[in-house]
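The structure appears below as structure tokens.
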Amino acid sequence: MQSFIFAAHGRQPAIDACRALTMALMLFINQLAGVKGMPDWMHHMPAHVDGMTWPDVIFPAFLFISGLSMPLSLQQQVIRGASIWQLQLDQGKRALALIVMGLFMVNAEEGFAAIGINLPVWNVLSLICLVLIWGRLHAAAGHDATPAWARPLGISGLLILFAIYRGGPDGNLPMQTSWWGILGLIGWAGCLSAQVYLAGRGRILPMLLAMAGCVLIYAVLECPALSASPGIRALRTQSLHCAHVLLVLAGIVTTRIALSELPARAKRVGLFAFALLCLVAAVAVHSIYPISKIHATPSWALYCAAICIAVFALIQAVTPLSRGLLAVPGMRRLAQVPLLAYLIPFFVEAGMQVTGVNWPVSWMQGGVGVMCSVVFVWVVAGVAAGLTRVGIKVVV
């Protein structure tokens with residue numbers, strides 16, 4: 001277990017700054033999606049186009065941040081005496097929580113109705129149940145003051161909502177997994193990456209080999225000559241996990257380099273070499289597979305990994321940069337409670353659907369829409385900070 005322990009302890013400003021920046025940009029681009037009159041480079045690239053815009057790097061950055069944080073999180077558990085099996089169980093529980101959240105949130109977008117209630121109300125109730133299950137209320141002294149009835153009520157509510165849901169083309173199907181949602185994809189990628197990290201005992205070489213393995217598995221699943229195999233056809237729909245796991249592993253390797261006991265200069269060289277390796281691999285793979293966020297191609301994942309590594313290396317090397325980012329009002333709180341901040345806009349949207357309230361048209365056009373999206377991020381950060389101050393958190 002000693003291989004999981006390294007010199008760094010506590011919160012790392014560079015990782016917090018990257019998480020806060022990624023969270024702020026994700027909230028911004030999600031809100032901006034409904035703004036009209038934006039240039040193409042402010043939106044995600046269409047699936048059929050070989051290329052990407054800066055919004056296409058935000059979700060990969062979130063996966064990368066998950067990888068950055070994982071070694072520190074697991075290290076704390078190892079220090080407290082957790083075994084490998086306990087670590088695996090904890091990662092499995094976390095993945096299950098995110099997958100369930102993602103599943104309900106996706107079906108809220110794609111469904112048509114629910115028995116006895118309309119879909120917007122179903123959506124609000126499902127979000128409340130998710131918070132009842134994974135939300136925590138901490139008293140002033142720091143101890144858990146969550147009511148004993150909260151989790152059983154949330155679980156019972158989710159089961160009822162699962163049973164009454166109807167979706168599909170004709171509105172007659174139960175909940176489906178057309179895709180897992182952002183949180184679900186993060187859950188799958190985090191769980192699979194954690195198994196690689198634990199199996200390799202935290203060493204860098206096994207994780208680099210696993211990254212190469214992700215590209216190879218994708219190639220096998222997408223090989224036309226093998227598409228006739230029923231097994232390959234069944235797995236092909238899940239080939240997107242290859243790119244996502246690759247990005248989480250890239251974050252893990254980055255942390256292992258950045259927080260090692262090597263001299264600062266050697267760390268910078270190591271991060272530069274790793275970013276360059278990903279870039280060269282991206283160029284090579286791009287000759288075979290196009291860049292596509294929607295299809296989660298390996299070329300897209302490798303280009304994004306190179307970008308994320310470079311940005312992290314810059315933030316870590318320039319100390320005032322990380323301090324400056326965290327000094328922006330609300331940014332530190334986004335770094336500390338990203339899941340809570342991520343869920344807040346979904347509560348806002350669900351509430352608007354139930355009440356029939358819409359954003360003013362002038363707020364969703366052109367430059368005014370951009371400014372409103374920036375303000376929205378600041379408001380979400382403020383709400384997250386306020387909820388945290390009264391002891392409310394969402395923990396998986």
Side-chain angles (χ1 to χ4, degrees), residues 22 44-68 70 179-180 182 184-197 199-200 204-227 229 231-257 271-312:
T22 301
H44 293 290
M45 190 70 76
H48 63 279
V49 178
D50 180 11
M52 64 183 186
T53 57
W54 73 267
D56 293 323
V57 185
I58 305 305
F59 174 53
F62 211 92
L63 290 165
F64 180 80
I65 292 296
S66 298
L68 282 181
M70 189 179 295
W179 73 297
W180 296 98
I182 295 296
L185 294 177
I186 293 173
W188 280 115
C191 183
L192 295 171
S193 301
Q195 303 314 307
V196 173
Y197 181 67
I204 290 177
L205 180 58
M207 289 180 286
L208 292 176
L209 293 175
M211 290 176 65
C214 289
V215 178
L216 180 60
I217 293 171
Y218 181 91
V220 170
L221 295 177
E222 294 295 325
C223 178
L226 299 175
S227 60
S229 167
I232 295 296
R233 275 205 311 271
L235 292 173
R236 192 172 184 180
T237 58
Q238 303 302 316
S239 63
L240 76 171
H241 294 306
C242 296
H244 301 155
V245 170
L246 185 152
L247 285 157
V248 177
L249 290 172
I252 295 173
V253 173
T254 299
T255 290
R256 296 299 293 185
I257 295 172
L271 290 175
F272 173 79
F274 185 35
L276 183 60
L277 176 64
C278 290
L279 180 61
V280 171
V283 172
V285 174
H286 190 190
S287 63
I288 305 172
Y289 300 108
I291 302 171
S292 175
K293 173 188 179 292
I294 303 300
H295 297 302
T297 59
S299 56
W300 164 75
L302 286 164
Y303 277 122
C304 290
I307 293 169
C308 291
I309 296 164
V311 171
F312 172 80

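The model shown is predicted, which means the values in this text are computed figures rather than measured ones.
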A296 and H244 have their tightest heavy-atom pair at CB-NE2, 4.0 Å

Here the pair of heavy atoms bringing A305 nearest to L247 is N-CD2, 3.8 Å

Rounded to the nearest 0.5 angstrom, the SG-CG distance for C242 and L221 is 5.5 Å

Looking only at heavy atoms, the pair that brings V196 and P206 closest together is CG1-O, 4.5 Å

By ring pair (Phe, Tyr, Trp, His ring centres under 6.0 Å), H286 pairs with (sequence neighbours left out) Y303

Scanning both residues in full, the closest heavy-atom pair of E222 with S239 reads OE2-OG, 3.1 Å

Between L68 and G251, the two heavy atoms sitting closest are CD2-O, 3.4 Å

**Asked** Just by modelled atom types, is the A243 backbone N or O under 3.5 Å from a matching donor or acceptor in the W300 side chain?
**Response** no

Interatomic distance, CG@L185 vs CZ@F59, rounded to 0.5 Å, equals 4.5 Å

Is S299 reaching over with its side chain to a backbone N or O of Y289, donor-acceptor style, under 3.5 angstrom? yes

Worksheet entry | Intermediate values then yes/no, side-chain contact (heavy atoms from CB on, under 4.5 Å), F64 and I309 | CA-CA 9 Å; F64 180 80; I309 296 164; 3.7 Å; yes

| query | Quick one: are Y218 and T297 in side-chain contact, heavy atoms under 4.5 Å? | reply | yes

In this structure, SG of C278 is separated from CE of M211 (nearest 0.5 Å) by 4.0 Å

### Task
Keeping the roles fixed (side chain from T22, backbone from F62), state whether a donor-acceptor pair exists under 3.5 Å.
no

With side-chain contact (heavy atoms from CB on, under 4.5 Å) as the criterion, how do I307 and M52 come out once you've worked through the C-alpha distance, each side chain's angles and the decisive distance to 0.1 Å?
CA-CA 12 Å; I307 293 169; M52 64 183 186; 3.9 Å; yes

Query raised in the report: Distance-only, no hydrogens or angles: does the S193 side chain make a donor-acceptor pair with backbone N or O of G190 under 3.5 Å?
Result: no

- Message: I'd like to know if the side chain of S66 reaches the main chain of V248, judged simply by a donor and an acceptor atom lying under 3.5 Å from each other, with no hydrogens or angles considered.
- Response: no

Here the pair of heavy atoms bringing P298 nearest to V285 is CG-CG1, 3.7 Å

CG (L249) and CD1 (I204) are apart, to the nearest 0.5 Å, by 12.0 Å

So CD1 of I291 and OG1 of T53: to nearest 0.5 Å the spacing works out to 11.0 Å

To the nearest 0.5 Å, atom CG of L208 lies from atom CD1 of I252 at 11.0 Å

